[in-house]
Amino acid sequence: MSHVEFIAPTKPEQAAAALLAGGAHARPLSGGTDLLVQLRSGRLPPGLIVDLKRIPEAIGIRQEGGGFVIGAATPGAALSEHRALGLAWPGVVEAANLIGSTQVQGRASMAGNLCNASPAADSVPALVAARATCVIVGPGGRRTAPVGSIAIGPGRTSLAPGEFVLEIHLPPRPARSGDAYLRLIPRTEMDIAVVGAGVNLTLDGDGVVTEAHVALGAVAPTVLLVADAGAALIGTKADEAALAALDAAARAACNPISDKRGTIEYRTKIAGVLARRAATIAYGRAEKRA
Amino acid sequence: MSKRQHISAVVNGDPVDFLTDPGATLLDALRDDLGLTGSKEGCGSGDCGACSVILDGRLVCSCLVLAVEAEGRRVETIEGMADGSKLHPLQQKFLEHAALQCGFCTPGLLVAAKALLDVNPDPTESEARYWLAGNLCRCTGYDKVIRAVMDAAAELRQVRV
Amino acid sequence: MSDVLERPAAAPLDDGQLKVVGTRPVRPDGAEKVTGKAMYGADLALPGQLVGKIKRSPHPHARIVSIDTRRARALPGVKAVVTAADFPDLASEEYEAGESASNLRDLSLNVMARDKALYDGHAVAAVAATSSAIADEALELITVEYEVLPHVTDVEASMASDAPVLHAHLFTQGLAEKPSAPSNIAKRNEIKRGDLEAGFAEADVVVEGRYTTAAVHQGYIEPHACVASFGADGQCQVWSSSQGQFMIRTYCAKILALESSDIRVTPAEIGGGFGGKTTVYLEPVALALSRQCGHPVKMVMTRDEVFRATGPTSGAVVEVKLGAKSDGTLIAADVVLKYQAGAFPGSPVGAGSMTALACYDIPNFSIVGYDVVTNTPKVAAYRAPGAPISAFGVESAVDDMALKLGMDPIALREKNAVRDGVKASYGPTYRNIGYVETLEAIKTHPHYAAPLGPNQGRGVAVGFWFNVGGESTAAVNLNEDGTAVVISGNPDIGGSRASMAMMAAEVLGLPVEKVRPIVADTASIGFSMLTGGSRTTFATGMAVTQAAQKVVEDLKRRAAMLMDVAVDEVEFVNGAAVCRDPAKASLTVAELAAKAAQTGGPIGAQVSLNAQGAGPGFGVHVCDVEVDPETGHVTVLRYTAAQDVGKAIHPSYVEGQVQGGVAQGVGWALNEEYIFDRSGRMENPGFLDYRVPVASDLPMIDAVLVEVANPRHPFGAKGVGEVPIVPPLAAVANAVRGAIGRRLTDLPLSPPKIRAAIDAG
Ligand SMILES: Cc1cc2nc3c(=O)[nH]c(=O)nc-3n(C[C@H](O)[C@H](O)[C@H](O)COP(=O)(O)OP(=O)(O)OC[C@H]3O[C@@H](n4cnc5c(N)ncnc54)[C@H](O)[C@@H]3O)c2cc1C
Ligand code: FES
Ligand code: FES
């Protein structure tokens, strides 16, 4: 990795300016668990690295306006240590915590997971199902965008030159809400998802689903928010029939590829299975969360 | 070639200074600049854990940290684990349980296991296995490694009470 | 791998008397390894050392039209550039070293391609530079013009008559008539007994299957690494992590046309090998670079290079047909093995053939093996080379046979088990084997009777490995204070220093802490074959024991001198020379050592031998799995492995060998595989997608040590390191069959395959 330049600004605006000035090969650095691997393997050309971890807003978890603000470079391990976040968004936290090993958790961030734009990124389906947004800083100032709008294809984002994600916002949580994320990997740890499924739902007092969002990973070029799958749950108590409809809707939405990690056929089937199982877990959590 | 940068950090409690290429990893700096070759490179891509160190209290793969990121940070490596010539209970238990064969994974496993016991003094077998899933060992099948970790945890709990 | 030579040896010491052997002391090199001080291949830094790197072919099969290194040489900081032109063009010559023979020409061409690149990752040039970054840049500046050729990676595709031919000079050996055209089938071998047709005609039940295994890598965590320094006077030094410093010396000498006396190889600590470090990749290149520039050159592979250019073992096709009488007597077996050799001939199909039916006493059988070259990295030995593959086929078929016969799988194996006096399928007559005892150990183990839950299954499989002896040298030197040093020439890959020290301590009557073992360089100890074939504790242990015994004889002689009695008046008991005459005070080892000058000078002995009679080993494994019927994901719930180990010198390290072998076998069965894309490039050259088992994938592995002593070893030891990887492939597959009610025949048993099998109904 020769010809690498490195700076660690403390202000978001400095970072944006440096990224813009650095040109096409300038990169924000959060945990580096994708970036360093890609630089080393030669998949990314060397250039300017802008470390975000010394920007105070980019690190840590804050409760604001009933929701949560997560600094872009906050490592997964910090998410798992935050009790309130875990109670409100267990699915988001478990998704982020599935990324890599304990060591990777010491570094890897959700924003990095998002901006790396892998279709198999684990935290993204959970964030999309959670209707999370992100605050983006760029040379022109700040803007907010839904998490689901960041990745536009494998390895490609909608971020403009100089832009980076500063924060991820999780919305306020109504009572009787629950979320869950499941993925399929051949091992038990240390694998990239063959399929991932995030489900986020809210119940009324009778246990009927009033709102549901289902997002799938690794079954299309970007994470899919499957409206039909969510709709299959709404108005039900996530009973067998609803789950079957959900399963079918999830499968119908899949547009995967066959690669070294899985076949089209297998991925499609598993998307249904995982969506169903995640919905059951999310439903159970929602029932418990008064 | 980019200019080398001057880095000051604290490694195993001691202040250190070194010059590093901005593209070099913390593992490179530890091994090549500081002569601390106890951390091993098994993959260079975060997959094997042989390079595990504790950075500001968090377990990380030093192959996935840039050396320049260590500026002002605290790094703990295998070389700092024993108290002088007195082995850490984990090191002692690894020896007693024959938890190493070739020993290449051992520094990383020990550092990772120490990080575990620092946050969870009483892990279940399953917790220990998942915590250590980022440390590949090809020789032992993990059986004796896990036994050693559980035994060391028990001993450390004794010491604490 | 011959187990034919019968040599009566002293009866093993009676267990009751052993004080050190069979205990579990802390290993002598342990503290170094838990504190990070131990020096592995990449840990050495010499003053003025350069960084060496290799340029590799991106094509699986291509003619090298030209290599232009001028721009690389001109780059400031680049000190040496080599290509095949810097190595002698060797004649074809078979050379026996360790577990398998190598052809020196092939070996040299594998180290550096000459006319053709034969796999993705094949070395085509190398550079040495003052920094890693400069070396990388220099590699970029080397231009290689390739004429890309059609390639073939699959073993059966490579056997087809229209397959692209890798070597125009390769004509199949072992055929009745010399073939008229070259082919990728390097060799056909055959082992036969009885009348196969008559056997099947007599059979009441026949089962048949076609099984495939993927190429898998040894997966040692330490990448290959070395430092080499070529002196101005032609004397060279090499430090490297390998399974044999003498092997490195020999191969470097042959490949570079040097004399062995000019090369001194110092073994670094080795971070795992499993057979994969029984050959050279970097050392001759580092020497060639160093020769060109006069600086020491250090070379360390990346993980990507390890996967693409070293190891693996064969992907294979195994066809098995078994015939049995209705009472379970196996009466006929027909086995066909097709093993991938990689770019050059030399797959382990020979050993696969010899081991395939080694656990069974079958009157009529035929085993035919094919050694097939493919555009994939040249295979290297991997723990019991060849045996797990053929065992996967045979043990799956035996399991089906048990099912068809309605017999318990262990009972079926017991009924057909080889025993002492039976002529093994591969030739010799078995003696002192503990196979039946090992079957018994599993049959009576609580695991075998434990209840299973829904979606769970239990699988049994057995396995065999020859174990080898061979040439070893060891020395035992007594220090002036009565402590001792044991010097051997075998890298300690998994605790062998401990067992060497223990055997010497046992004979010398010393506590084990008073005996310090070292692994010496090639100039400091006599020749020893490499650490492989499960030979070290057996053969080198025999040399150590004999050297210690010589020291004891010498001590008795010296004691007699000091006591002024005849030598036969003196016995050696518990670390002291004791005279029959109680009036004479005994002399301890320490006392005798202190008086060495008076009795003839320093005390020590060296023994070189060619050990014969390594007892073959048998393993019986039982595995429980649970299959998620919706995802096809397999969880290994419980695993018990029994093995006849002869005598466990250090039981913890023997258990460790068994547990490690099982883990590798489970990985082979479930998740590990080389995946090639359509252009013949490896798609998963990293530990994220080449999935070795992680800690959370496995349960505890219960190793049951069965001790049926090997009378040809002083303490009864047999080799233990290889047997445990033989049964797991089939044990896991048989357990999956039990769980889902269908037989899967293609490894790895990844979730998509299992789910597809379940869906197929
Ligand atoms: C061993 C290992 C196992 C892994 N396992 C998994 C897994 O199980 N699941 C999974 O999803 N991933 C996995 N990954 C991939 C990786 O860890 C995750 O994608 C991680 O979340 C990336 O976060 P990071 O902070 O390390 O990102 P970085 O590496 O710092 O950045 C990733 C990319 O995003 C850009 N970027 C970073 N931060 C920002 C920002 N704030 N704004 C804009 N762009 C930014 C970077 O420039 C880079 O292109 C694994 C990686 C390794 C090494
Ligand atoms: S070397 Fe860092 S994880 Fe393997
Ligand atoms: S002891 Fe060899 S890799 Fe763990």
Side-chain angles (χ1 to χ4, degrees), chain A residues 1-8 10 22 25 27 29-54 59 73-81 94 97-109 112 185 187-192, chain B residues 1-5 7 20-28 41 43-73 108-109 111-116 118-120 123 126-136:
Chain A
M1 282 189 256
S2 58
H3 312 294
V4 168
E5 302 285 339
F6 175 87
I7 55 162
T10 53
H25 294 165
R27 297 269 165 181
L29 168 72
S30 288
T33 58
D34 279 316
L35 190 61
L36 265 62
V37 174
Q38 290 163 10
L39 278 172
R40 185 176 157 125
S41 70
R43 251 177 301 159
L44 270 188
L48 174 69
I49 295 178
V50 180
D51 187 3
L52 305 179
K53 290 191 290 296
R54 305 213 185 218
I59 285 284
T74 308
L79 302 180
S80 67
E81 289 159 9
E94 73 198 355
N97 287 164
L98 281 173
I99 297 170
S101 57
T102 317
Q103 286 85 341
V104 170
Q105 284 293 309
R107 300 267 294 167
S109 67
I185 55 170
R187 287 187 286 198
T188 52
E189 269 284 0
M190 296 299 286
D191 259 330
I192 301 303
Chain B
M1 195 85 4
S2 337
K3 261 233 175 88
R4 302 192 109 205
Q5 292 190 15
I7 301 299
T20 183
D21 188 276
T25 65
L26 176 59
L27 180 61
D28 294 335
E41 179 161 325
C43 68
S45 50
D47 304 323
C48 78
C51 63
S52 297
V53 302
I54 297 175
L55 177 66
D56 271 357
R58 286 212 191 283
L59 182 68
V60 301
C61 291
S62 59
C63 72
L64 291 188
V65 177
L66 292 173
V68 286
E69 291 184 71
E71 171 63 35
R73 308 265 189 227
L109 265 168
V111 170
K114 179 174 178 293
L116 167 65
D118 285 348
V119 298
N120 181 357
S126 174
E127 285 169 344
R129 285 186 181 276
Y130 275 90
W131 182 278
L132 297 173
N135 291 88
L136 299 182

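Every chain is numbered from 1, with letters handed out A, B, ... down the list of sequences. Every heavy atom of this structure was used, including side-chain atoms; hydrogens, water molecules and symmetry mates were not.
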Problem - Side-chain donor/acceptor of B:Ser45 to backbone N/O of A:Val37, under 3.5 Å - result: no
Practice task
Considering only NZ, NE, NH1 and NH2 on the basic side and carboxylate oxygens on the acidic side, decide whether B:Glu71 and A:Arg54 come within less than 4.0 Å.
Solution key: no
Handout entry: chain B contact via A:Ala8 - side chain, backbone, both or neither, heavy atoms under 4.5 Å
Key = neither
Exercise for the section: Against chain B, label A:Leu35 side chain, backbone, both or neither, depending on which of its atoms sit under 4.5 Å from a heavy atom there. Expected result: neither
Fill in the blank from the handout: One should read off an interatomic distance between B:Ile7 CD1 and A:Phe6 CZ, to the nearest 0.5 angstrom, of 7.5 Å
Handout entry: Pairwise side-chain contact, B:Leu64 with A:Gln103, heavy-atom cut-off 4.5 Å (strictly under)
Key = no
Fill in the blank from the handout: Greatest number of non-hydrogen atom pairs under 4.5 angstrom with chain A, of B:Gly49, B:Gly46, B:Gly44, falls to B:Gly44
Fill in the blank from the handout: For A:Met190 and B:Ala133, the nearest pair of non-hydrogen atoms, with its separation, is CG-O, 3.4 Å
Handout entry: Contacting region of A:Ala78 [heavy-atom separation from chain B under 4.5 Å]
Key = both
Practice task
Taking all non-hydrogen atoms of both residues into account, name the closest pair between B:Gly134 and A:Ser101 and its distance.
Solution key: CA-CB, 3.4 Å
Exercise for the section: Calculate, to the nearest 0.5 Å, the distance between atoms CZ and CD belonging to B:Arg58 and A:Glu81 respectively. Expected result: 4.0 Å
Problem - Flag side-chain contact, heavy atom, 4.5 Å: B:Leu66 against A:Leu29 - result: yes
Fill in the blank from the handout: Under 4.5 Å to a heavy atom of chain A? For B:Val119 that would be neither
Problem - Interchain contact, A:Gln105 with chain B, by part (heavy-atom threshold 4.5 Å) - result: neither
Practice task
Please state whether the side chain, the backbone, both or neither of A:Thr188 comes within less than 4.5 Å of a heavy atom of chain B.
Solution key: both
Problem - Part of B:Gln5 lying under 4.5 Å from any heavy atom of chain A - result: side chain
